[in-house]
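Data first, discussion second: the structure below is written as structure tokens.
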Amino acid sequence: MTQSNLAPVSQFQPDHVVIGGRTLSFDEILNDAFFTPAKIAELREAFVNNRPFPHLILDGLFAPALLEAMYDEFDLLKKDQLQVYNNMNEKKLATRPFARLGNAAELYFNTIHSGRFIALLQQITGIGGLITDPGLDGGGLHSIPTGGKFALHTDYTQHATTKLENRLIFITYLNKDWLPSYGGALELWNIEEEKCEAEVFPVFGRSILFYESKRSLHGHPKPVEAPNGRQRRSACTAYYTNGRDDGEDTTFHTTVVYNPRNAARREKIMNAVKYTVPPFVVDGYQKLKMWWRK
């Protein structure tokens with residue numbers, strides 16, 4: 001009888017990986033509390049009812065050790081892996097499609113592209129047949145330096161290569177001890193009423209999932225003003241479907257930037273109207289507008 005070369009295991013050891021000196025159990029990458037039927041039902045109700053368009057803010061979904069390692073990997077990215085955006089509408093750095101990411105980032109994106117995670121998103125949103133983009137075209141790792149911003153906009157409607165329909169955006173923020181005064185909050189706007197209805201501060205471990213349509217107006221127009229040259233860091237991906245059945249226009253367009261000055265101008269006009277037109281006329285207009293939206 002030959003003796004096995006395998007050492008006896010006296011205690012079960014969960015599968016794990018060591019990244020950047022941090023030991024991370026595969027069972028801890030995702031917080032299982034988000035996968036119970038009761039929690040999924042709660043998340044679905046919140047997603048559907050949140051304004052100004054369906055979205056969901058999730059805190060504590062991922063293991064902190066994974067996100068800490070991802071943050072550190074930004075400094076290891078090579079210049080040829082990064083795309084620089086510096087114009088009047090946006091100032092940021094983003095990884096190029098199919099860039100070689102660090103081990104922690106690869107593990108993160110493999111996780112949110114996994115069957116288990118896709119099933120969770122489909123149950124929350126009610127959107128079936130979600131398709132991932134392993135190349136992360138338009139997604140990947142994003143870093144916003146001092147003075148950096150992204151003007152209010154609606155996203156591209158289709159993937160540039162596959163022409164699949166853009167349905168969901170998922171972002172996770174990696175910034176510890178981030179204060180509101182540092183700027184860079186993601187604003188979600190009601191495009192019809194031209195006003196911000198929700199702000200998402202890019203704090204460590206916070207993720208946002210939001211629905212993509214021509215009404216999904218968002219951005220972080222307030223520039224980053226963090227001390228000591230700190231950058232606002234995040235990871236982003238989109239989910240697609242082969243066609244869509246929600247009545248949205250499927251005409252292709254790239255990212256469309258919205259000029260917020262339109263909102264200020266409209267507010268001034270509406271205030272002037274309210275003070276110069278009889279109240280019954282204003283009330284009639286509001287009722288007509290509500291009827292038209294139906």
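Side-chain atoms are counted along with the backbone in the values below, which use heavy atoms only and exclude waters and symmetry mates.
- Counting non-hydrogen atoms of other residues, nucleotides and ligands closer than 6.0 Å to CG of Asn49 gives a total above 12.
- Contact check on Glu165 versus Arg167 returns no salt bridge, with no Lys/Arg side-chain nitrogen under 4.0 Å from an Asp/Glu carboxylate oxygen.
- Side-chain atoms of Arg233 come within 3.5 Å of backbone atoms of Tyr71 as a donor-acceptor pair (strictly under, hydrogens ignored).
- Using a 4.0 Å cut-off between charged side-chain N and carboxylate O, Arg244 and Glu212 make no salt bridge.
- Considering OG1 of Thr125 and CG of Leu56, their distance stands at 10.0 Å, rounded to 0.5 Å.
- The backbone N or O of Thr161 lies less than 3.5 Å from a partner atom in the side chain of His159, making a donor-acceptor pair.
- Not one N or O on the side chain of Thr146 forms a donor-acceptor pair closer than 3.5 Å with the backbone of Gly229.
- Looking at heavy atoms from C-beta onward, Gln231 lies out of side-chain contact with Ile144 at the 4.5 angstrom threshold.
- Counting only N and O atoms by type, the side chains of Thr172 and Tyr108 include a donor and acceptor under 3.5 Å apart.
- With respect to Arg230 and Asp177, no salt bridge is recorded, no charged nitrogen being found less than 4.0 Å from a carboxylate O.
- The closest donor-acceptor contact from the side chain of Thr95 to the backbone of Leu141 lies under 3.5 Å.
- Comment: Lys78 does not engage Asp80 in a salt bridge, judged by the lack of any side-chain N to carboxylate O separation of less than 4.0 angstrom.
- The backbone N or O of Leu101 sits nowhere less than 3.5 Å from a side-chain atom of Gln81 that would complete a donor-acceptor pair.
- The line from OH of Tyr85 to NZ of Lys92 is 6.0 Å long, rounded to the nearest 0.5 Å.
- Glu248 is listed as a side-chain neighbour of Arg215, based on a closest heavy-atom distance under 4.5 Å.
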Distance-only donor-acceptor pairs under 3.5 Å for side chains of residues 30-40, two or more places apart:
| residue | atom | partner | partner atom | Å |
| --- | --- | --- | --- | --- |
| Asn31 | OD1 | Ala33 | N | 3.0 |
| Asn31 | ND2 | Gly60 | O | 3.2 |
| Asp32 | OD1 | Arg116 | NH2 | 2.9 |
| Thr36 | OG1 | Lys39 | N | 3.2 |
| Lys39 | NZ | Glu42 | OE2 | 3.3 |

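- Between the Thr241 side chain and the Gly129 main chain, no donor and acceptor come within less than 3.5 Å of each other.
- Between the side chain of Asp15 and the main chain of Phe26, no donor-acceptor pair closer than 3.5 Å is present.
- You'll find the side chain of Ile19 reaches within 4.5 Å of the side chain of Glu73, heavy atoms only.
- The line from CG of Leu107 to CD1 of Ile29 is 4.0 Å long, rounded to the nearest 0.5 Å.
- For the pair Phe117/Leu61, a side-chain contact is recorded, criterion being any heavy-atom separation below 4.5 Å from C-beta on.
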Throw together a table of side-chain donor-acceptor distances under 3.5 angstrom for residues 181-188, partners on residues two or more places apart or in other chains.
| residue | atom | partner | partner atom | Å |
| --- | --- | --- | --- | --- |
| Glu187 | OE1 | Trp189 | NE1 | 2.8 |

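- For the pair His218 (side chain) and Ser216 (backbone), a donor-acceptor distance under 3.5 Å is present.
- With a 4.5 Å cut-off on side-chain heavy atoms, Phe204 and Asn175 do not count as touching.
- In this structure, His142 NE2 and Leu82 CG are separated by 10.5 Å, a value rounded to the nearest 0.5 Å.
- Looking only at distances, no side-chain donor or acceptor of Lys222 sits under 3.5 Å from a matching main-chain atom of Lys149.
- When atom types are taken as modelled, the side chain of Thr157 and the backbone of Thr251 share a donor-acceptor pair closer than 3.5 angstrom.
- Rounding to the nearest 0.5 angstrom, the gap separating the CG atom in Leu130 from the CD atom in Gln122 is 4.5 Å.
- Using a 4.5 Å heavy-atom threshold, the side chains of Asp246 and Ile127 count as separate.
- With a 4.5 Å cut-off on side-chain heavy atoms, Asp72 and Arg22 count as touching.
- Between His55 and Phe53, the ring-plane angle classifies as perpendicular under the 30° and 60° cut-offs.
- Looking at Cys236 and Ile171, their side chains come closer than 4.5 Å, going by heavy atoms from C-beta outward.
- The structure places OH of Tyr239 at 9.5 Å from CD1 of Ile169, a figure rounded to the nearest 0.5 Å.
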